[in-house]
Structures are given as C-alpha cells and as structure tokens.
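All values reported here derive from a predicted model rather than from experimental measurement.
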Amino acid sequence: MKKFLAEFKEFALRGNVIDLAVGVIIGAAFQNIVTALTTNIISPLLGLFANTNFDSLSVQLMGTELQYGAFITAVINFIIMAFILFLLIKAMNKLTSIGQKEEAPAEPTTKTCPFCKSEIPIDATRCAHCTSMLEE
C-alpha cells in the first residue's frame, strides 16, 4: 500500500498533471467568459433581426418545441472557443520554437553505383551488386 501511495504521489505531483489541472480550471473560467459574450452580447445583436432574443427562437413541430436559437448559440460558443484555442496553441508553438536551432541535415551514408545504379556504402571501393571498381 505504501508503494502504491508513493507512485500516486509521484504521478499527481508530476509537472504535466499540474499543468493539465491548471489548464482545465482556466479553460472553464474562459468558457464562462465566452458564454457570457455570446449570451449577453452576440445573441441579442443577432436577435435584432428576429425582433426577439436569439436564444429564445424556437419552432413548434408536432407538439414539440425545438429551440434552434439555443443550439445556434452553443455552436457560436464552440466556434469562438475553438478559434481562441487555435490562436493560443499557435502562439505557444511559436514561442517554443524561438530558442531552438534548426538541425543540420545528416551526412549521407550511401552513394549510387555509377554502373548498376544501386545504393552502396559511401566508402565502398567496389560495388557489392555488380562488382565494378569504383573511382576514389
């Protein structure tokens, strides 16, 4: 049991888990901001065209009320969140690539035999496929 608790403590206090927890909390808070933006600003502006609050747009279909305005508001919430996350991840990728150097291409380890056109080691003096003598 002691080993199990030690493993759990190591897992829970690892940097990635704590970063993930902070990200989830900030994401939930940001979602509230986006929801407030769409509910209190965007939906009323879109509702100007329908002369009603956009969230309350609905249609009666066979005795059931379909609230398509609330659905469209949820789609707008999703699009805003996805766009913000895209911009955030793009910025983070750019920041992490600033300090990195580009890797030099690896030195070639093979060459092509001029007679049979097969790939052979770069330091070979005779082709292993056609046994031709290669120039140095």
Side-chain angles (χ1 to χ4, degrees):
M1 185 69 174
K2 203 173 210 182
K3 184 179 178 185
F4 177 77
L5 290 175
E7 288 177 12
F8 179 73
K9 180 180 175 185
E10 179 185 342
F11 168 77
L13 297 179
R14 195 178 326 160
N16 295 343
V17 176
I18 293 172
D19 292 344
L20 179 64
V22 169
V24 168
I25 292 169
I26 291 174
F30 187 72
Q31 180 184 10
N32 289 336
I33 293 170
V34 171
T35 301
L37 172 73
T38 54
T39 303
N40 299 323
I41 296 174
I42 295 175
S43 290
L45 289 176
L46 293 175
L48 290 175
F49 300 109
N51 293 330
T52 183
N53 187 354
F54 197 70
D55 282 341
S56 64
L57 292 177
S58 63
V59 65
Q60 291 287 337
L61 184 65
M62 295 189 293
T64 304
E65 183 179 14
L66 299 176
Q67 296 179 342
Y68 65 91
F71 174 74
I72 293 173
T73 300
V75 169
I76 293 170
N77 278 349
F78 173 77
I79 291 171
I80 292 172
M81 286 293 292
F83 182 69
I84 296 297
L85 286 175
F86 168 74
L87 292 177
L88 183 66
I89 291 171
K90 188 171 180 164
M92 291 299 292
N93 287 341
K94 189 160 207 104
L95 284 174
T96 57
S97 68
I98 287 175
Q100 296 177 349
K101 296 179 183 176
E102 291 185 26
E103 292 184 21
E107 293 291 324
T109 58
T110 59
K111 63 182 177 182
T112 304
C113 174
F115 302 103
C116 69
K117 305 297 184 203
S118 57
E119 243 182 58
I120 55 174
I122 200 158
D123 56 349
T125 57
R126 185 180 289 264
C127 178
H129 303 282
C130 67
T131 66
S132 299
M133 288 296 289
L134 304 173
E135 297 179 10
E136 293 291 326

Q. Are the side chains of Asn93 and Ile89 in touch, meaning some heavy atoms are under 4.5 Å apart?
A. yes
(Q) Are Cys127 and Ser118 packed together at the side-chain level, in the sense that at least one heavy-atom pair is separated by less than 4.5 angstrom? (A) yes
Q) If you round to the nearest 0.5 Å, how far is CD1 of Ile120 from OG1 of Thr109? A) 11.5 Å
Q: Carefully, step by step, assess Phe115 and His129 under the rule side chain to side chain contact (heavy atoms under 4.5 Å, CB included).
A: CA-CA 10 Å; Phe115 302 103; His129 303 282; over 6 Å; no
Q: Could you grab the distance from atom SG of Cys130 to atom NZ of Lys117, nearest 0.5 Å is fine?
A: 10.5 Å
(Q) For the CE atom of Met133 and the CZ atom of Arg126, what is their distance to the nearest 0.5 Å? (A) 5.0 Å
Q: Please answer: with hydrophobic residues joined when any side-chain heavy atoms are less than 4.5 Å apart, are Ile41 and Val34 in the same cluster?
A: yes
Q) Once you round to the nearest 0.5 Å, how far does CZ of Phe83 lie from CG of Leu88? A) 12.0 Å
Q | Ile84 CD1 to Gln31 CD distance, which is reported to the nearest 0.5 Å | A | 13.5 Å
Q | Nearest heavy atoms of Pro121 and Lys111, plus distance in Å | A | O-CE, 3.7 Å
Which donor-acceptor pairs under 3.5 Å do side chains of residues 68-80 form with protein atoms, sequence neighbours excluded?
unit_1: Thr73; atom_1: OG1; unit_2: Ser43; atom_2: OG; d: 3.3
unit_1: Thr73; atom_1: OG1; unit_2: Asp55; atom_2: OD1; d: 2.5
unit_1: Thr73; atom_1: OG1; unit_2: Gly69; atom_2: O; d: 2.9
unit_1: Asn77; atom_1: OD1; unit_2: Thr38; atom_2: OG1; d: 2.3

**Q.** Nearest non-hydrogen partners of Cys113 and Leu134, listed with the distance
**A.** SG-CD2, 4.2 Å
